[in-house]
Amino acid sequence: MANALIVRPRSDLLSATKTGRAAQYVRMSTDHQRYSTQNQAAAIAVYAAQRDLVIVRTYADEGRSGLRIHRREGLIELIDDVRSGRADFDHILVYDVSRWGRFQDVDESAYYEFMCRQAGIKVCYCAEEFDNDGSVIASIVKNLKRVMAAEYSRELSVKVHAGACRVASLGFKQGGAIGFGLQRELVDEDRCSKGILSKGQRKHLQTDRVLIRPGPDQEQRIVAQIFREYVVHRRSQASIARLLNNEQVPNHRGTLWSDTMVRNILGNEIYIGNSVYNRKSFRLKQVMKKNPPELWVRATGLFEPMVDKSIFQRAQSMLKEQYVRLSDEHLLKKLREALAVNGKLSVSILAAMDGMPSAGLYAYRFGSLREAFRLIGYVNSKRDFDYLDARQQSDTELLSQASTLAMRIRSLGAAAIFDARDKVMTVDDRLKISLRMARYYVPKNNAPAWLVHRRVSEPSGHILALRLDEETNRKVRDYFLLPLSEMGKERINLTASCRSRFAAYRCATMDDVLRAVMTKVAALPVPASR
């Protein structure tokens with residue numbers, strides 16, 4: 001019993017046959033259930049001993065909800081071993097039906113069990129009164145237990161949500177990270193301060209609460225500057241982020257500023273002393289949805305505003321205007337006005353004009369920027385708008401290349417996750433690689449080059465530049481796996497010369513990229529949690 005939670009390597013298998021051999025699956029929902037998995041393992045060990053089963057493998061999910069299989073690495077690995085035929089056991093021992101999962105669709109729970117049964121592996125619920133033998137009674141009781149497990153989560157979700165809304169209405173923080181320029185104050189049930197919480201600290205008593213307070217004066221000044229740059233100086237969110245990064249202003253995440261961070265500050269009422277809860281809901285971890293304003297829970301006057309309320313309200317109006325969907329006719333009208341003022345059109349002209357939609361929006365709405373120009377009669381432009389015209393195809397190719405690389409990495413036994421929004425691949429939780437297209441470009445009076453642009457915010461690690469062909473700027477010809485430290489400025493110019501300082505980072509094929517990535521991963525330390 002004491003050895004029930006030891007994961008035995010495959011070299012320690014007791015015999016070649018898998019008859020009488022079992023794997024155990026244990027799960028606890030929160031970190032507060034400190035001894036839950038040990039208690040489950042103890043009951044499972046008794047069950048195994050009574051039936052002459054040897055526990056040879058343990059799959060565990062600690063601090064994971066049973067509502068979905070997402071992020072339940074233990075169950076995912078178990079199902080993967082069963083599917084692939086790597087399972088060297090014929091029983092799976094689980095404490096009860098709810099530990100297998102509280103799936104809101106009970107058919108999902110049955111589906112994972114059915115896959116095990118198809119592979120000749122029996123799932124046993126050790127603490128249940130029925131034997132999972134496929135009989136009519138067992139099937140009825142098991143399905144009822146699944147429904148009860150799902151319903152328990154639904155009822156608990158309603159109660160927890162109501163309680164959270166009540167606490168939020170009193171001005172107390174309801175979990176989650178705080179924004180820039182803010183700090184958390186721990187108070188007791190009488191609202192008497194117990195001190196400021198540092199990053200990573202949390203309350204220990206159920207009766208204690210957390211209030212949001214203004215942060216350091218320097219950060220408050222930065223918040224005021226962000227609103228001033230946006231409202232008074234009409235800077236874009238990306239421009240403000242670049243300004244802060246150029247001035248080396250640190251943020252609360254220890255990363256570079258991004259336009260999304262700036263947008264979150266501009267739209268957050270906490271900077272005028274109000275907290276707003278329940279703007280979005282993620283009930284039972286099924287679907288994230290936005291809630292109508294009448295369901296929001298707002299607490300006002302928590303502290304003196306860091307930003308003048310008139311400036312804040314003006315910022316909200318500008319944000320709404322930014323995301324209003326303009327008709328095609330209105331977009332073309334704005335384009336004609338820009339042409340009348342400037343006498344010509346270009347991407348830089350559009351970007352420099354206040355209230356002007358972006359060149360990317362025109363390319364998206366009309367198929368290409370060139371087509372938008374043609375519709376207003378501006379057909380004499382000799383400028384190269386191929387980049388905007390080909391953006392969608394370029395994004396599709398990047399996603400395809402990323403999917404191929406991730407699949408190849410996983411085939412070698414490492415984890416690979418690609419974030420399509422940020423275009424960042426995380427390998428084995430140790431290496432972050434930012435994927436970028438390197439387009440062919442012929443500048444005036446300079447040698448041809450492939451440009452790799454730096455984003456406003458880049459993860460630490462490396463950039464994988466996919467160099468496109470000279471003829472069409474559509475097909476990938478080779479790759480460069482570059483350390484981020486090589487990008488001292490906003491872009492890198494890759495040249496055709498083999499004597500370039502970047503030549504050492506070139507990978508001719510995807511196989512070369514795979515080898516280079518895995519070599520770098522192997523050289524990094526393994527996280528302590530493993």
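Note that this is a predicted model, so its numbers are computed, not measured.
- Evaluation of the ring-ring contact (aromatic ring centres under 6.0 Å, His included) rule for Y125 yields no partner, not counting sequence neighbours.
- Annotation: the span from Y479 atom OH to R467 atom CZ amounts to 12.0 Å, rounded to 0.5 Å.
- Two residues are said to be in side-chain contact when any heavy atoms from C-beta on lie closer than 4.5 Å; V517 and M425 fail this criterion.
- The distance from the CD atom of Q104 to the OG atom of S153 is 5.5 Å, given to the nearest 0.5 Å.
- In this structure Y112 satisfies the ring-ring contact (aromatic ring centres under 6.0 Å, His included) test together with F103, sequence neighbours excluded.
- Annotation: cation-pi pair R57/Y59 absent, no NZ/CZ under 6.0 Å from the ring centroid and within 45° of its normal.
- Taking every heavy atom of both residues into account, N278 and L295 meet most closely at ND2-O, 3.0 Å.
- Contacts of R408 classified as side chain to side chain donor-acceptor pair (under 3.5 Å), with partners at least two apart in sequence or in another chain: D511.
- Between E113 and R117 there is a salt bridge, since at least one side-chain N of the basic residue sits less than 4.0 Å from a carboxylate O of the acidic one.
- At least one side-chain heavy atom of Y277 sits under 4.5 Å from a side-chain heavy atom of C165.
- Every ring-ring contact (aromatic ring centres under 6.0 Å, His included) that W450 has, sequence neighbours left out, goes to Y440.
- Put simply, CG on L466 and CZ on R477 are 12.5 Å apart, with the number rounded to the nearest 0.5 Å.
- Between the side chain of D478 and the main chain of C507, no donor-acceptor pair closer than 3.5 Å is present.
- Using modelled atom types, no side-chain atom of K432 and backbone atom of G461 make a donor-acceptor pair closer than 3.5 Å.
- Here the side chain of S400 pairs no donor or acceptor atom with the backbone of T396 at under 3.5 angstrom.
- Residue R253 qualifies as open at atom CZ: its count of foreign heavy atoms under 6.0 Å is 12 or below.
- Of the possible donor and acceptor atoms, none in the side chain of N251 sits under 3.5 Å from a partner among the backbone N and O of F180.
- Under the 4.5 Å side-chain criterion, counting only non-hydrogen atoms from C-beta, I196 is not in contact with R184.
- Here the straight-line distance linking atom CD1 of I79 with atom CD1 of I92 works out to 6.5 Å at 0.5 Å rounding.
- At a threshold of 4.0 Å, the pair R27-D61 does not count as salt-bridged, since none of the basic side-chain nitrogens sits closer than that to a carboxylate oxygen.
- Judged by distance alone, the side chain of S198 and the main-chain N or O of Q201 form no donor-acceptor pair under 3.5 Å.
- In this structure a side-chain-to-backbone donor-acceptor pair under 3.5 Å is missing from N143 to S139.
- In terms of modelled atom types and a separation under 3.5 Å, the side chain of R71 and the main chain of R64 share no donor-acceptor contact.
- Residues passing the side chain to side chain donor-acceptor pair (under 3.5 Å) test with E219, sequence neighbours excluded: none.
- Salt bridge E470/R439: absent, no basic N to carboxylate O contact under 4.0 Å.
- Side chain of S258 to backbone of M261: a donor-acceptor contact under 3.5 angstrom is found.
- Counted within 6.0 Å of OH on Y25, heavy atoms from surrounding residues, nucleotides or ligands total more than 12; the atom is thus considered enclosed.
- The only member of D90, D133, D131 that meets salt bridge (Lys or Arg N to Asp or Glu O under 4.0 Å) when paired with K122 is D131.
- For the pair D512 (side chain) and A508 (backbone), a donor-acceptor distance under 3.5 Å is present.
- The backbone N or O of R242 sits nowhere less than 3.5 Å from a side-chain atom of W257 that would complete a donor-acceptor pair.
- In this view, K145 and E128 satisfy the side chain to side chain donor-acceptor pair (under 3.5 Å) rule, not counting sequence neighbours.
- Contact check on E397 versus K475 returns no salt bridge, with no Lys/Arg side-chain nitrogen under 4.0 Å from an Asp/Glu carboxylate oxygen.
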